[in-house]
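For reference, the structure discussed in these notes is given below.
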Amino acid sequence: MGKVINFAHRGSSQICPENTMAAFKKALEQGATGIETDVQLTSDGQMVLIHDETLERTTSGTGWVKDHTLQELKSLDAGSKFDSAFQNERIPLLDELLELVKDSGTIVNIELKNGVILYEGLEQKVIERVRAFNMSDRVVISSFNHYSLFLCKKLAPEIRTGILYMEGLYEPWEYARTLQADALHAYHYAVLPEFVAGAKASGKAYHPFTVNDVKEMERLLQAGVDGIITDYPDKLAALLAAKV
Ligand code: G3P
Ligand code: CA
């Protein structure tokens, strides 16, 4: 991947409603070179982009994502809880995001939200769409469900995987090797320069999350991370531009 990837976390989620097309488009305008998003399945097996397993926090709906059809979810307002100016935003399909970025160099970090609900067939479905868009070399699939990541690697060795974790794991690059994972998506406090060096020596990338403080971005860039997941792609873009 080369240059440090500026991953917009759920799109530009500080100034737009998270995981909406408005947030993804704004992130690209602000200089993001990557988009992080969360995928779940509807009751009729469609891949939708939404963080919570339930609808209340970000939409006009109630209940579980898994209990609604795509048509029901598409009728919801996914913007007004953030700001009434975004009342026309809808929960996007994974396809809508892939369509938006397919002709650019944008990297997409698709987080499988299958820690609470074990969505059957989610891995196969996501891989099928990534391949259909010819984007295998521009996608990183991540998850807190590491069994799911191992399955992804078995099904699609050509698509990168990133291990999501919160703690100070011992030599996480060794763990990554056991999963044949490509990247470590660590909570940023769990990232020290010596860990980044150890990972690099083993050919594993570091993409810490969610880094919103510029000083912390600087620390991680100094440590040599390969990407940063942030709610403020504009701040990170400015920092990266100043370093060129
Ligand atoms: O991918 C990094 C981060 O998004 C993981 O946590 O809860 O924001 O999905 P969460
Ligand atoms: Ca996420």
Side-chain angles (χ1 to χ4, degrees), residues 1 4-21 23-24 27 32-41 47-59 64-66 78 81-82 91-94 97-98 101 106-119 122-123 126 130 138-146 148-149 152 159-169 172 176 179 181-191 195-196 199 204-213 216-217 220 225-233 235-236:
M1 285 182 185
V4 174
I5 307 165
N6 178 350
F7 286 106
H9 183 236
R10 313 179 194 172
S12 189
S13 53
Q14 284 300 306
I15 55 171
C16 295
E18 64 183 55
N19 280 324
T20 61
M21 293 310 289
F24 301 143
T33 52
I35 302 278
E36 188 272 355
T37 189
D38 308 286
V39 67
Q40 302 190 51
L41 290 183
M47 288 159 277
V48 284
L49 305 181
I50 182 166
H51 178 271
D52 297 5
E53 288 81 6
T54 50
L55 296 162
E56 284 81 351
R57 182 177 63 86
T58 57
T59 79
W64 297 87
V65 172
K66 69 173 177 60
K81 286 254 164 97
F82 181 86
I91 298 174
L93 282 163
L94 175 62
L97 172 59
L98 298 182
V101 301
T106 310
I107 310 291
V108 183
N109 172 200
I110 304 171
E111 180 184 345
L112 308 182
K113 268 281 173 249
N114 53 2
V116 177
I117 313 288
L118 301 177
Y119 292 105
L122 179 62
E123 297 88 349
V126 167
V130 171
R138 287 203 281 130
V139 164
V140 184
I141 297 177
S142 64
S143 180
F144 284 102
N145 181 335
H146 301 173
S148 177
L149 289 181
C152 286
I159 301 178
R160 287 163 222 256
T161 54
I163 299 174
L164 274 164
Y165 68 97
M166 300 293 293
E167 311 78 9
L169 293 184
L179 289 181
D182 304 276
L184 295 159
H185 287 215
Y187 184 45
H188 65 98
Y189 292 120
V191 181
F195 299 170
V196 181
K204 307 297 179 192
Y206 254 107
H207 301 147
F209 69 91
T210 299
V211 189
N212 290 337
D213 176 73
E216 181 67 348
M217 290 175 183
L220 292 162
V225 299
D226 306 275
I228 290 180
I229 301 169
T230 178
D231 294 331
Y232 294 96
K235 287 188 193 177
L236 181 55

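The basis for the numbers below is simple: all heavy atoms, side chains too, and nothing from hydrogens, waters or symmetry mates. Note that the numbering runs from 1 along the sequence shown for the chain. Counting convention: from 1, in listed order, for ligands and their atoms alike.
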State the atom name: nearest N, O or S atom of Asp38 to the Ca ion (ligand 2). OD1
Atom 3 (C) of ligand 1 sits nearest the protein heavy atom His9 NE2, 3.5 Å
Note: Arg10, heavy atoms under 4.0 Å from ligand 1, region reported as side chain
Of all N, O or S atoms in Glu111, identify the one at the shortest distance from the Ca ion (ligand 2). OE1
Sub-4.0 Å atoms of ligand 1 with respect to non-hydrogen atoms of Lys113: 7 (O), 9 (O), 10 (P)
Going by the side-chain contact (heavy atoms from CB on, under 4.5 Å) test, name the single residue among Ile229, Thr106, Asn19, Asn109 that passes it with Ile35. Thr106
Look only at the side chain of Asn6 and the backbone of Thr33, and say whether a donor-acceptor pair between them is shorter than 3.5 Å. no
At a 4.0 Å threshold, what atoms of ligand 1 neighbour a non-hydrogen atom of Glu36? 1 (O), 2 (C), 3 (C), 4 (O)
Look at atom 10 (P) of ligand 1 and say which protein heavy atom is nearest, naming residue and atom and giving the distance to 0.1 Å. His51 NE2, 3.3 Å
For the residue pair Leu49 and Pro92, establish whether any side-chain heavy-atom pair is separated by less than 4.5 Å. yes
Quick one: do the Asp52 and Thr58 side chains pair a donor with an acceptor below 3.5 Å? no
What protein heavy atom is closest to atom 6 (O) of ligand 1, reported as residue, atom name and distance in Å? Phe144 CE1, 3.9 Å
side-chain contact (heavy atoms from CB on, under 4.5 Å) test vs His51 passes for just one of Val39, Asp38, Thr37, Val65, namely Asp38
Heavy atoms, side chains only, cut-off 4.5 Å: are Trp64 and Ile117 in contact? yes
Decide yes or no for Ile110 and Val140: does some side-chain heavy atom of the first lie under 4.5 Å from some side-chain heavy atom of the second? no
Side chains of Leu55 and Ile50, heavy atoms from C-beta outward: is any pair under 4.5 Å? yes
Atom name in Glu36, limited to N/O/S, at shortest distance from the Ca ion (ligand 2): OE2
Atoms of ligand 1 less than 4.0 Å from Asp38 heavy atoms? 9 (O)
Give the numbers and elements of all ligand 1 atoms closer than 4.0 Å to a heavy atom of Glu111. 1 (O), 3 (C), 4 (O), 5 (C), 9 (O)
